[in-house]
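Start at 1 and go down the list; that is how both ligands and their atoms are numbered. Below, each value reflects all heavy atoms present in this structure, side chains not excepted, and no hydrogens, waters or symmetry copies. Position 1 is the first residue of the sequence, and the numbers go up from there.
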Amino acid sequence: KSFQFWSTQPVPQMDELVPADVNCAIEENIPLDKVRAEPFTLPTGFRWANVDLNDKDQLDELYNLLTKNYVEDDDSMFRFDYSAEFLKWALQVPGYRPEWHCGVRADGSNRLLAFIGAVPQTVRVYDKTVPMVEINFLCVHKNLRSRRVAPVLIREITRRVNITGIFQAAFTAGIVIPKPVSVCRYYHRSLNPRKLIDVRFSHLSAKMTMARTIKLYKLPDEPATRNLREMKESDVPQVFKLLTTSLKQYSLAPVFKDEEEMAHALLPRKNVVYSYVAQNLNGKITDLVSFYSLPSSVMGNANHKTIFAAYLYYYVAGSVSVKQLINDALILANKEKFDVFNALDLMHNEKIFADLKFGKGDGNLQYYLYNWKCADMKPSQIGLVLQ
Ligand SMILES: CCOC(=O)c1cnc2ccc(OC)cc2c1SCCC#N
């Protein structure tokens, strides 16, 4: 593969083996007055336009661009259907910049035809804490593909981020480009097996009836961890300490700079993010488990338009086993009527998949760092979850 664009970027080349003791930027920071001042040039007929997510009409334009043109699985069975509220949550984090909600509109029609987003996020890579952005929601309308728009979007968001003095980024993708820092795998736990079979995501195994299959995945109505309850505002100080401490065990992890940043990430929002804490009799918060809601459109199915999927987010098993805590997350997601519970094999997840009846998916998710080189990581070293 030639990687025409990525071979021009500060990323390790595909065949580059980074020694274990190397953990640093690839290019030096550019003096701010040397960062290109003018936006990159778009193809004729298109112009840059920030998407104002506080303007309901523009938020809906972004929702509509993504719901029709964003990521599909390899078999084009599903397409992610991020909700408008989810997009506000993911893109309007504390300290967000409107110019990092970077859209492209067609002259004349004024239609939103492409987007790339960045949010500020300090990330620790091994022993180095690095101010970064997370890049997300890179999307080019299907009618605009192969016109080399994505490289211009990536160069432009890089410029807009560099101007603020940030020179590193983190992102994930299903595709392989130079050069993954880790390769994770998706796992799926059926909650509504009948629907998953209807949409042909799952199939009845030869030796099992539908009734037997439903019984196999049946879950209790209530979590096993007795004092597990929804997280609330007053829990933030303790959760901040608990999660910050727990994240130290990973080689790639977010650094929440303050309680506000973590509160934004974790405080429950219906149909967006769900967080639960266990508090002992002394009032100490000992455990945390969270998941986010990311539906997918089902393509070409008469009976079901949408799959409701929960995705495991951050957790700390302080007083109970990881297995019990994540099983409790399954029970809580099932109570919220999700059809499936998805998780990557990062953190401690891989150990519990078999017992909790997760099936291995056929999709990889690559983790990438921009303008940084370091030793590759096993999935269990990853403590960073991107939406
Ligand atoms: C029923 C389970 O559905 C998925 O796992 C799913 C749903 N929608 C997608 C949309 C785009 C897509 O593009 C890679 C994948 C999916 C997937 S599999 C990978 C996500 C997980 N877990």
Asker: Within the side chain of Asn364, is there an N or O that forms a donor-acceptor pair under 3.5 Å with the backbone of Gln366?
Answerer: no

Asker: For Leu196, take its heavy atoms, then give the atoms of ligand 1 lying under 4.0 Å from any of them.
Answerer: 1 (C)

Asker: Just by modelled atom types, is the Ala329 backbone N or O under 3.5 Å from a matching donor or acceptor in the Tyr276 side chain?
Answerer: no

Asker: How would you list all residue pairs meeting side-chain hydrogen bond (donor to acceptor under 3.5 Å, both in side chains) that involve residues 143-157, not counting sequence neighbours?
Answerer: Thr8-Arg155, Glu156-Arg159, Glu156-Arg160

Asker: What protein heavy atom is closest to atom 12 (C) of ligand 1, reported as residue, atom name and distance in Å?
Answerer: Asp73 N, 3.5 Å

Asker: As a quick check of understanding, evaluate side chain to side chain donor-acceptor pair (under 3.5 Å) for Tyr315 and Asp287, giving each step before the final call.
Answerer: CA-CA 7 Å; Tyr315 65 85; Asp287 307 79; over 6 Å; no

Asker: Check ligand 1 against His188 and write out every atom of the ligand that is under 4.0 Å from a heavy-atom position of the residue.
Answerer: 5 (O), 18 (S), 21 (C), 22 (N)

Asker: Report, in ascending order of atom number, the atoms of ligand 1 lying under 4.0 Å from any heavy atom of Ser296.
Answerer: 7 (C), 8 (N), 9 (C), 10 (C)

Asker: Do Asn342 and ligand 1 have an N or O pair less than 3.5 Å apart?
Answerer: yes

Asker: Side chain or backbone, does Tyr311 bring an N or O within less than 3.5 Å of an N or O on ligand 1?
Answerer: no

Asker: If the test is salt bridge (Lys or Arg N to Asp or Glu O under 4.0 Å), which one of Arg105, Lys56, Lys68, Arg111 qualifies with Glu61?
Answerer: Arg105

Asker: Which bit of Tyr186 is near ligand 1, meaning a heavy atom under 4.0 Å away: side chain, backbone, both or neither?
Answerer: side chain

Asker: Looking at atom 6 (C) of ligand 1, what's its closest protein heavy atom, distance included?
Answerer: Phe78 CD1, 3.9 Å

Asker: Scan for side-chain hydrogen bond (donor to acceptor under 3.5 Å, both in side chains) pairs involving residues 202-222, sequence neighbours excluded, and state none if there are none.
Answerer: Glu222-Lys335

Asker: Where's the contact between Tyr187 and ligand 1, heavy-atom distance under 4.0 Å: side chain, backbone, both or neither?
Answerer: neither

Asker: Starting from the C-alpha separation in whole Å, work towards a yes-or-no answer on side chain to side chain donor-acceptor pair (under 3.5 Å) for Asp235 and Gln279.
Answerer: CA-CA 9 Å; Asp235 298 324; Gln279 187 167 29; 4.9 Å; no

